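Computed from a predicted model, the values in this text were never measured in an experiment. Note on naming: letters A, B, ... go to the chains in the order of the sequence lines (proteins, then strands), and numbering restarts at 1 for each one.
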2 protein chains.
Amino acid sequence: MSKADEAGEAGEVLNEPQVGIAGSRVDHVYNRVKEDIFDFRLLPGDRFTESQVADRLKVSRTPVREALYRLEREGYVFVHFRNGWSVRPFDFVMFENLYELRLVLETAAVRKVCDGPDLARIEELKQVWLVPDAEHVSDSLRAAELDEAFHTTIVDAADNPEIARVHNDVIERIRIIRRLDFTQGYRVERTYEEHAKILQALLRRRADAACSLLKAHIEESRAEVRKITIHRLQAARQS
Amino acid sequence: MSKADEAGEAGEVLNEPQVGIAGSRVDHVYNRVKEDIFDFRLLPGDRFTESQVADRLKVSRTPVREALYRLEREGYVFVHFRNGWSVRPFDFVMFENLYELRLVLETAAVRKVCDGPDLARIEELKQVWLVPDAEHVSDSLRAAELDEAFHTTIVDAADNPEIARVHNDVIERIRIIRRLDFTQGYRVERTYEEHAKILQALLRRRADAACSLLKAHIEESRAEVRKITIHRLQAARQS
DNA sequence: GTAGACAAACATGTATGCAAGAGGATGGAG
DNA sequence: CTCCATCCTCTTGCATACATGTTTGTCTAC
């Protein structure tokens, strides 16, 4: 997250704690490696060692190991017993399954929200999604954030932190391909339309309608993402 | 050769590897601490240090740290910055939420199985659950395992490893209170009846009926477990 | 040229040493 | 007695040293 501190002092011999305000070294390594995976600096299937990461990030192997085991638990890398690490290969079946899980969670949330008494947290979404086309966000990265926020807000409104946590993990894991969709900008306008329809169904407490729309929305997004991912991955392999 | 010779000749008892056949020390520590939590040798809210665990299990702090951070990610313990560790306090709201999440996942699995073409993996359940009362398992721990297997098998039959993994995590996290239910033996017979009914609905592909039965089954189990847990926890606190 | 033995390089797993910070104990001032 | 500053202990965070096992390249026998 903090790219500034890498350019700092270089040459202390012994321990250089100096951590100060920044987060722990483990967090730093975790974020950096994750970014490397998401930005395709580490390609699916690539092998690497703890020492390589430690040298590059100027820390010892100890925090590197903790960060890598965390990433392993989250499904981003594999550890090979006494034989290095590797980035988890792209597994489209896994992404299909994650999309299905996501749909299950969001559908459950929609039904719970429609049955529940409080639409207050849903009302806030109107300010973003029920507006004229002219006011749509043009920055595609910002649009991707808004898209995630839409789905996350619905799940949060269902008022179950455990479901929200799992949903967050799923969203995070498919972000590696979702971001490609939005950086291309293909589906930004469609997303606005579909979200608006879902929102209207939600506000009218039409659970069945909202679920059907949600399902179609996620299915289309998934199909689009898959196409783009294959294309992008080939490009990354060639360079 | 050089380093080994020097260390050996000096005769100090430095490292004592001796790991032999057993798994890694991290796994060992992980399992032991988790058992301590599940068996209430470590009570919710108890504080402890890495050194205490390391001394007791005769290992160094390094594998202890990795095991504890793993338990922390899984939600069993808290780490207090430079100030020790503690067992996560009992949070009944969290358990309610986990039961709800579990119901969402299992319901989705039931619907997918009913819609799908393959009931083969469900058929196997008949051998356990559609038998006369006389043949029911009397060992309560074994009964608890069978109960978990019933639910897990249904989710597995839905053929989505990501959903299965999350479901597994949820089952594991609520096992700490579920086991109390079965060791008391209160609900063993009821469980047989309810599972048999759910199974029959499943085999007839009556998704709605199966889901209602499943919901009632889980709700009853949850309510019973909650009562017993409070009671048991008070007993553990007094001793 | 090929197969097998063997050793060196290298990877992770584990133990240990050191530094910084959190929190309680202590002691003096009011 | 109470309050506050200070110190000291204890605990984690990180770096480093060492042990063990895997891979790989080479040398030799055939």
Student: Given A:Trp85, which partner from the list A:Tyr69, A:Phe78, A:Tyr76 fulfils the ring-ring contact (aromatic ring centres under 6.0 Å, His included) test?
Tutor: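 The residue from A:Tyr69, A:Phe78, A:Tyr76 that satisfies ring-ring contact (aromatic ring centres under 6.0 Å, His included) with A:Trp85 turns out to be A:Tyr69.
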Student: Rounded to whole angstroms, how far apart are CZ on A:Arg61 and P on D:dC14?
Tutor: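 After rounding, the gap between these two atoms is 15 Å.
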Student: Return whichever of A:Val59 or B:His80 has its heavy-atom-nearest nucleotide of DNA chain D closer to the 5' end.
Tutor: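 Per heavy-atom nearest nucleotide, the more 5' residue is B:His80.
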Student: Name the closest nucleotide to the A:Ser60 side chain, picking from D:dT16, C:dA22, C:dT14.
Tutor: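 Nearest to the side chain of A:Ser60 among the choices is D:dT16.
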Student: Counting side-chain heavy atoms from CB outward, which of C:dG13, C:dT14, D:dG13 is closest to A:Glu50?
Tutor: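 Nucleotide nearest to A:Glu50's side chain: C:dG13.
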Student: Between the base of C:dT12 and the side chain of A:Ser51, is there any donor-acceptor pair under 3.5 Å?
Tutor: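 No, no donor-acceptor pair under 3.5 Å.
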Student: So, is A:Arg65 near the phosphate of C:dG13, with a side-chain N or O under 4.0 Å from OP1 or OP2?
Tutor: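 Yes, A:Arg65 has a side-chain N/O under 4.0 Å of OP1/OP2 on C:dG13.
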Student: In whole angstrom, give the distance that lies between atom CH2 of B:Trp85 and atom P of C:dA22.
Tutor: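 Taking atom P of C:dA22 as the reference, CH2 of B:Trp85 is at 17 Å.
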Student: Salt bridge or not for A:Glu96 and A:Arg222, using N-O below 4.0 Å?
Tutor: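 A salt bridge links A:Glu96 with A:Arg222.
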Student: Give a yes/no answer on whether the side chain of A:Tyr69 brings an N or O atom under 4.0 Å of OP1 or OP2 in C:dG13.
Tutor: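 It does, given that an N or O in the side chain of A:Tyr69 lies less than 4.0 Å from OP1 or OP2 of C:dG13.
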Student: Can you work out whether A:Asn83 or A:Glu66 has the more 5'-proximal nearest nucleotide on DNA chain D?
Tutor: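 The residue mapped nearer the 5' terminus is A:Glu66.
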Student: Could you please name the option among D:dG13, C:dA15, D:dT22 that lies closest to any side-chain atom of B:Pro63?
Tutor: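 So the side chain of B:Pro63 is nearest to C:dA15.
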Student: Under a plain distance cut-off of 3.5 Å, with no hydrogens placed, do A:Asp147 and A:His195 share a side-chain donor-acceptor pair?
Tutor: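 A:Asp147 and A:His195 do have a side-chain donor-acceptor pair below 3.5 Å.
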Student: Without decimals, in angstroms, what is the distance between A:Tyr30 OH and D:dG13 C1'?
Tutor: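 The distance from OH of A:Tyr30 to C1' of D:dG13 comes to 19 Å, rounded to the nearest Å.
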Student: Would you mind classifying the nucleic acid contact of B:Thr49 as base, sugar-phosphate or nothing, using non-hydrogen atoms under 4.0 angstrom?
Tutor: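 The answer is sugar-phosphate, as B:Thr49 gets under 4.0 Å only of primed atoms, P, OP1 or OP2.
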Student: Phosphate oxygens OP1/OP2 of C:dA15: is one of them under 4.0 Å from a side-chain N or O of B:Arg25?
Tutor: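 True: B:Arg25 side-chain N/O within range (under 4.0 Å) of C:dA15 OP1/OP2.
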Student: Under 4.0 Å between a side-chain nitrogen and a carboxylate oxygen: does that hold for A:Asp169 and A:Arg73?
Tutor: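 Salt bridge: no.
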Student: From C:dG13, D:dC14, D:dG13, pick the nucleotide closest to the side chain of A:Phe81?
Tutor: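 It is C:dG13.
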Student: Specify the separation, in whole Å, of atom CZ of B:Arg47 and atom C1' of D:dC10.
Tutor: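 Interatomic distance, CZ of B:Arg47 to C1' of D:dC10: 12 Å.
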Student: Establish whether the base of D:dT20 is bridged to the side chain of A:Arg82 by a donor-acceptor pair shorter than 3.5 Å.
Tutor: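 Looking at the base of D:dT20, it does pair with a donor or acceptor on the side chain of A:Arg82 (distance under 3.5 Å).
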Student: Whole-Å distance between C:dT12 P and B:Asp27 CG?
Tutor: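 Distance check: B:Asp27 CG to C:dT12 P gives 17 Å.
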Student: Parallel under 30°, tilted from 30 to 60°, perpendicular over 60°: which one fits the rings of B:Phe92 and B:Phe95?
Tutor: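 Because their plane-to-plane angle lies in the 30° to 60° range, the rings of B:Phe92 and B:Phe95 count as tilted.
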